Amino acid sequence: MELQQLRYFIEVANTGNITKAAKKLSIAQPALSQSVKRLEDELGTELFNRRGRRIYINPAGEALFRELSPIMDRIAALPALIAEAAGNEKRTIRIGLVSASKLMTDVIIKYKEKRPDINFIVTQSPEGKNDIMVTSRIYREVTPPEDAGRILLAEEMFLAVPLKWAADFEEPVMLKDFANYDFISMDSSKPYKTLCDGFLHDVGIEPTVAYSSDNPASVRDLISAGLGVAFWPHFSWGEINTDSVKLLHIKDPVCRRTISISKTPDLEKEEAADFFTFIRSYFDERFPGWEDSSV
């Protein structure tokens, strides 16, 4: 297996679409398809199910994605780690990314255009030495706790259901009406799952988890196949990008979460402080008026 093959596989798994993945990777679509096929041949099993031009990650692909993701994250962090070891600690920003990884990836890419000299070490853990933390919690119409940080965004959590089931419900829906439905969940180690379980517990539901997945594209495909329902965060995961899944508004309970950033109390690193300000400006410009965007 080549590192490039694995990187290509991760991108296809994340997007669930060969054409979009090829565009993002700046390579020809046939070359990307051939790379995935060579990886499957080497592993002796298919990683995606194919239906016409659409592809859907299968259980073997899910297993590879789950094991490979943290490894690729560590590899991506190597340049920053080496730079830090070489004495560039000042230009290295450490981020604890518990939530909104897709949104924060976009922010980092934009900031690198402005400051290509800055390195980032991104982990998905609140532990350790982080300059900046990105977290989420259930949105409450009360003053947030002091440790909540600066709220960047409050987003509605839709309920994503197979289109063929949507006609059975009148919007906005009551979450308790889905007590007997299977749920598709993120991995149990993810704080996002704890947050979603909190909404369900508010209405007395102990969810039956039919499938667990580590990426939104897989969640979407499982719902599309009629295998369950799932929460879908309005801004963080973006458009559903399929006609076979419908996003339903939930009225009881009100399902919203906040995305917040905080910095270490003694943060003196000028570069990290500048990036902190950049994050706030980015969200303010991209999501103006988000306070009124959810029910």
Side-chain angles (χ1 to χ4, degrees), residues 15-17 49 51-52 54 56-57 99-100 102-103 136-142 144 151-188 190-259 283 286-295:
T15 60
N17 186 292
N49 295 331
R51 299 178 190 170
R54 295 294 304 277
Y56 304 86
I57 194 167
S99 298
K102 182 179 183 300
L103 289 175
S136 71
R137 67 179 70 220
I138 292 177
Y139 179 83
R140 303 295 189 192
E141 297 288 351
V142 295
I151 295 178
L152 297 170
L153 190 67
E155 61 179 345
E156 178 179 5
M157 305 287 287
F158 288 93
L159 193 67
V161 306
L163 182 63
K164 59 186 178 183
W165 298 355
D168 296 336
F169 299 94
E170 182 178 345
E171 286 191 86
V173 299
M174 307 279 284
L175 191 57
K176 67 180 182 180
D177 292 338
F178 292 84
N180 297 322
Y181 284 74
D182 289 340
F183 276 78
I184 296 166
S185 171
M186 297 296 278
D187 182 79
S188 60
K190 304 290 185 183
Y192 177 80
K193 180 181 185 302
T194 302
L195 182 141
C196 292
D197 285 349
F199 293 129
L200 295 169
H201 293 160
D202 281 349
V203 293
I205 295 178
E206 188 66 36
T208 299
V209 177
Y211 294 90
S212 293
S213 176
D214 286 329
N215 69 94
S218 296
V219 172
R220 177 200 61 208
D221 293 343
L222 290 165
I223 300 168
S224 182
L227 299 178
V229 303
F231 289 101
W232 191 275
H234 183 195
F235 294 117
S236 297
W237 288 8
E239 299 294 330
I240 196 74
N241 291 327
T242 178
D243 294 331
S244 56
V245 176
K246 183 173 176 58
L247 300 180
L248 302 177
H249 294 278
I250 306 168
K251 69 176 179 180
D252 186 24
V254 173
C255 295
R256 299 177 76 190
R257 71 163 178 170
T258 59
I259 305 296
F283 274 77
R286 181 168 177 181
F287 303 108
W290 56 260
E291 296 92 340
D292 303 318
S293 64
S294 303
V295 292

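Keep in mind the model is a prediction, meaning the values are calculated, not measured.
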Legend entry - Leu175 vs Leu200 side-chain heavy atoms within contact, under 4.5 Å: yes
Inset, instruction - Just jot down the salt bridge (charged side-chain N to carboxylate O under 4.0 Å, His left out) partners of Asp197, sequence neighbours excluded, or say none. - result: Lys193
Legend entry - Distance, nearest 0.5 Å, that separates CG of Asp202 from SG of Cys255: 8.0 Å
Inset, instruction - Determine the minimum heavy-atom distance between Ala230 and Ile223, stating which atoms define it. - result: CB-CD1, 3.8 Å
Inset, instruction - To the nearest 0.5 angstrom, please state how far the CG atom of Leu159 sits from the CD atom of Glu171. - result: 10.0 Å
Legend entry - Residues, nucleotides or ligands: over 12 heavy atoms within 6.0 Å of Asp168 CG: yes
Legend entry - With Ser236 via side-chain hydrogen bond (donor to acceptor under 3.5 Å, both in side chains) - residues at least two apart: Glu155, Arg257
Inset, instruction - Heavy atoms only: give me the nearest Met157-Ile250 pair and the separation to one decimal. - result: O-CD1, 3.5 Å
Legend entry - Distance (rounded to the nearest 0.5 Å) between Asp177 CG and Leu248 CG: 11.0 Å
Inset, instruction - Starting at SG of Cys196, measure out to CD1 of Ile184 and round the result to the nearest 0.5 Å. - result: 12.5 Å
Inset, instruction - Measure across Ser136 and Leu195 and return the closest heavy-atom pair with its distance rounded to 0.1 Å. - result: OG-CD1, 3.8 Å
Legend entry - Polar side-chain atom of Trp237 near backbone of Ala100 as donor-acceptor pair, under 3.5 Å: no
Inset, instruction - Determine whether Phe169 and Val161 make a side-chain contact, defined as any pair of heavy atoms from C-beta on separated by less than 4.5 Å. - result: no
Inset, instruction - Could you tell me the separation between the OG1 atom of Thr242 and the CG atom of Asn17, rounded to the nearest 0.5 Å? - result: 11.0 Å
Inset, instruction - Would you check if His201 and Pro207 make a side-chain contact, meaning some heavy-atom pair closer than 4.5 Å? - result: yes
Inset, instruction - For the residue pair Phe158 and His249, categorise the inter-ring angle as parallel (less than 30°), tilted (30 to 60°) or perpendicular (more than 60°). - result: tilted
Inset, instruction - Kindly give the heavy-atom pair with the smallest separation between Ala160 and Trp232, and that separation in Å. - result: CB-CB, 4.2 Å
Inset, instruction - Mind telling me whether Phe231 and Phe199 have parallel, tilted or perpendicular rings, with 30° and 60° as the class edges? - result: tilted
Inset, instruction - Search all heavy atoms of Ile205 against all heavy atoms of Lys176 and return the closest pair with its distance. - result: CD1-CA, 3.9 Å
Legend entry - Pro162 to Gly228 - nearest heavy-atom pair and separation: CD-O, 3.6 Å
Legend entry - Pair Phe183 + Phe178: ring centers closer than 6.0 Å: no
Legend entry - Matching residue for Thr258 among Leu153, Ile151, Ile138 - test: side chain to side chain contact (heavy atoms under 4.5 Å, CB included): Ile151
Inset, instruction - Give, for atom OG of Ser212 and atom CG of Leu222, the distance between the pair rounded to the nearest 0.5 Å. - result: 9.5 Å
Inset, instruction - Would you indicate whether the side-chain heavy atoms of Phe287 and Leu103 approach each other to under 4.5 Å? - result: yes
Inset, instruction - Sequence neighbours left out, what passes ring-ring contact (aromatic ring centres under 6.0 Å, His included) with Tyr211? Give chain and number order. - result: none
